[in-house]
Colleague: 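Got a structure for you, written out below as structure tokens; questions coming shortly.
What you are looking at is a predicted structure, and each value in this text was computed from that prediction instead of being measured. Within every chain, numbering begins at 1; the chains are lettered A, B, ... in the order of the sequence lines, protein sequences first and strands thereafter. All values below come from the heavy atoms of this structure, side chains included, with hydrogens, waters and symmetry mates left out.
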Number of protein chains: 2
Amino acid sequence: MTDGATARAVTMHDHGLCIRTALEAAEAATRKSGVNFTPVRRRALEILLESHVALGAYDLLKRLDADGFGGQPPVAYRALEFLVKHGFAHRVERLNAFVACVRPNEPGHEPGFIICRGCRAVAETDASGAPLEADAAEIGFAVERTVMEVEGLCPACRKAAP
Amino acid sequence: MTDGATARAVTMHDHGLCIRTALEAAEAATRKSGVNFTPVRRRALEILLESHVALGAYDLLKRLDADGFGGQPPVAYRALEFLVKHGFAHRVERLNAFVACVRPNEPGHEPGFIICRGCRAVAETDASGAPLEADAAEIGFAVERTVMEVEGLCPACRKAAP
DNA sequence: CTATCACATGTTATTTTATAACATCCACGC
DNA sequence: GCGTGGATGTTATAAAATAACATGTGATAG
């Protein structure tokens with residue numbers, strides 16, 4: 001994977017702080033709600049947080065296995081289910097993959113993703129206010145989930161692969 | 001599958017005409033561009049057109065096989081690839097499934113989908129003007145594909161399953 | 001005419017993604 | 001203690017997608 005600009009746009013920050021913030025938010029939220037932020041769940045989040053890149057369940061699984069958490073698919077899927085359910089990570093439909101949430105302190109937000117097919121970096125933005133939701137409301141449709149993703153090339157990958 | 005309201009909202013029309021229009025559009029477009037609208041491709045489109053419901057590749061494959069077009073996955077995936085490439089069908093990311101396009105005469109449009117998880121009906125709308133695209137443009141990101149889907153319950157399925 | 005090329009299809013195998021199902025373990029409340 | 005619920009361990013399988021290579025067919029340049 002190249003270090004494209006989408007990645008850089010997002011990594012052009014104190015990423016260590018980024019990780020600490022997200023982990024602390026997760027700790028605080030789980031302490032508060034009493035849910036069990038177990039080692040494998042924490043480690044899964046840490047792995048996702050290492051970069052703003054989408055990780056497949058099996059990629060995550062490899063990492064977890066290397067860390068001694070077991071190598072069977074349910075290990076990864078259970079951890080991911082937990083993280084997504086509590087808003088610490090998001091599923092990127094276009095990639096069948098997962099990214100750590102960069103806004104763990106805004107529960108209930110509607111994430112949108114800008115996905116570089118070159119470097120697989122994923123920038124999270126806000127998807128609220130999608131015209132589709134208004135369309136849905138008009139016909140009495142109850143929206144439960146919004147998927148909003150754009151895929152393309154970040155500036156760096158554009159230059160790299162013309 | 002129940003006959004939910006999303007489906008009805010969309011099927012409350014002369015569906016026979018709907019099918020004929022789409023098929024004629026496909027025939028016209030392929031004649032014009034010289035691409036080969038072969039029997040299996042045509043049949044795949046007909047099957048997708050039978051309802052405004054998303055069909056998995058393997059569901060489609062079963063139907064094609066029953067019609068004598070062969071039962072191997074590539075049969076379905078190749079037909080779908082053709083249909084999607086030429087804008088006669090769309091892929092619904094959220095479902096890993098496919099629907100016939102209801103606007104085959106508007107090449108290059110950006111489809112958005114309203115998906116009922118009760119009846120699996122899919123209403124196609126317009127996804128252009130998504131805020132995400134502006135966000136992307138701002139950081140010099142070249143958008144190649146926009147995915148915009150909302151999932152929930154249509155009015156009928158809401159009543160049916162409270 | 002026939003060699004060749006592009007495209008479509010046939011066929012086998014494999015990869016990638018995801019879940020089902022059931023056993024075990026352990027902390028907690030009573 | 002002992003039952004209950006959540007978490008984990010484990011085996012198996014389902015579902016979605018593609019790789020790779022063989023074969024057929026129709027247009028056309030030589």
Colleague: Enter the distance from B/I19:CD1 to B/L49:CG here, rounded to the nearest 0.5 Å.
Modeller: 6.0 Å
Colleague: Could you state the CG-P distance from B/L95 to C/dA18, rounded to the nearest angstrom?
Modeller: 13 Å
Colleague: So which atom in B/M148 and which in A/P131 form the shortest heavy-atom distance, rounded to 0.1 Å?
Modeller: CE-CD, 3.5 Å
Colleague: Any heavy-atom pair between the side chains of A/R43 and A/R63 that's under 4.5 Å?
Modeller: yes
Colleague: Taking any atom under 4.0 angstrom from a heavy atom of chain A, which nucleotides of DNA chain D are the first and last to qualify, 5' to 3'?
Modeller: D/dA7 to D/dT11
Colleague: What residue among A/V53, A/L55, A/V99 forms side-chain contact (heavy atoms from CB on, under 4.5 Å) with A/V122?
Modeller: A/V99
Colleague: Counting primed atoms plus P, OP1 and OP2 as sugar-phosphate and everything else as base, spell out the protein contacts along nucleotides 25-30 of chain C at 4.0 Å heavy-atom distance: B, S or - for each nucleotide, 5' to 3'.
Modeller: ------
Colleague: Atom CG of B/D65 to atom C1' of C/dT9: distance rounded to whole Å?
Modeller: 15 Å
Colleague: Residues in side-chain hydrogen bond (donor to acceptor under 3.5 Å, both in side chains) with A/N96, at least two apart?
Modeller: none
Colleague: Going by heavy atoms closer than 4.0 Å, what residues in residues 73-91 of chain A are next to DNA chain D?
Modeller: A/P74, A/R78
Colleague: Compare every heavy atom of A/L132 with every heavy atom of B/D126, then report the nearest pair and how far apart it is.
Modeller: O-CD1, 4.2 Å
Colleague: Please tabulate, for side-chain N and O atoms in residues 101-115 of chain B, each donor-acceptor pair with protein atoms closer than 3.5 Å (sequence neighbours left out).
Modeller:
from: B/R103; atom 1: NH2; to: B/E106; atom 2: OE1; distance (Å): 3.1
from: B/H109; atom 1: ND1; to: B/E106; atom 2: O; distance (Å): 2.5
from: B/H109; atom 1: NE2; to: B/H90; atom 2: NE2; distance (Å): 3.3
from: B/H109; atom 1: NE2; to: B/E124; atom 2: OE2; distance (Å): 3.1

Colleague: I need the CZ-P distance between B/F69 and C/dT9, as an integer number of Å.
Modeller: 9 Å
Colleague: Ignoring hydrogens, what is the shortest heavy-atom contact between A/N36 and A/R41? Give both atom names and the distance.
Modeller: O-NH1, 2.7 Å
Colleague: Taking the nucleotide of DNA chain C with the closest heavy atom to each, which residue, B/Q72 or B/T38, is nearer the 5' end?
Modeller: B/T38
Colleague: For the pair made of OH in A/Y58 and C1' in C/dA18, what is the distance, rounded to whole Å?
Modeller: 6 Å
Colleague: What's the separation between atom CZ in B/R145 and atom CD in A/E151, rounded to the nearest 0.5 Å?
Modeller: 7.0 Å
Colleague: Donor-acceptor pairs are to be reported for all side-chain atoms of residues 69-87 of chain B against protein atoms at under 3.5 Å, with residues two or more places apart or in another chain.
Modeller:
from: B/H86; atom 1: ND1; to: B/F82; atom 2: O; distance (Å): 3.0

Colleague: Measure from CG on B/L61 to C1' on C/dT9 and round the result to the nearest Å.
Modeller: 14 Å
Colleague: Given side chains that start at C-beta, do those of B/I47 and B/D67 come closer than 4.5 Å, heavy atoms only?
Modeller: yes
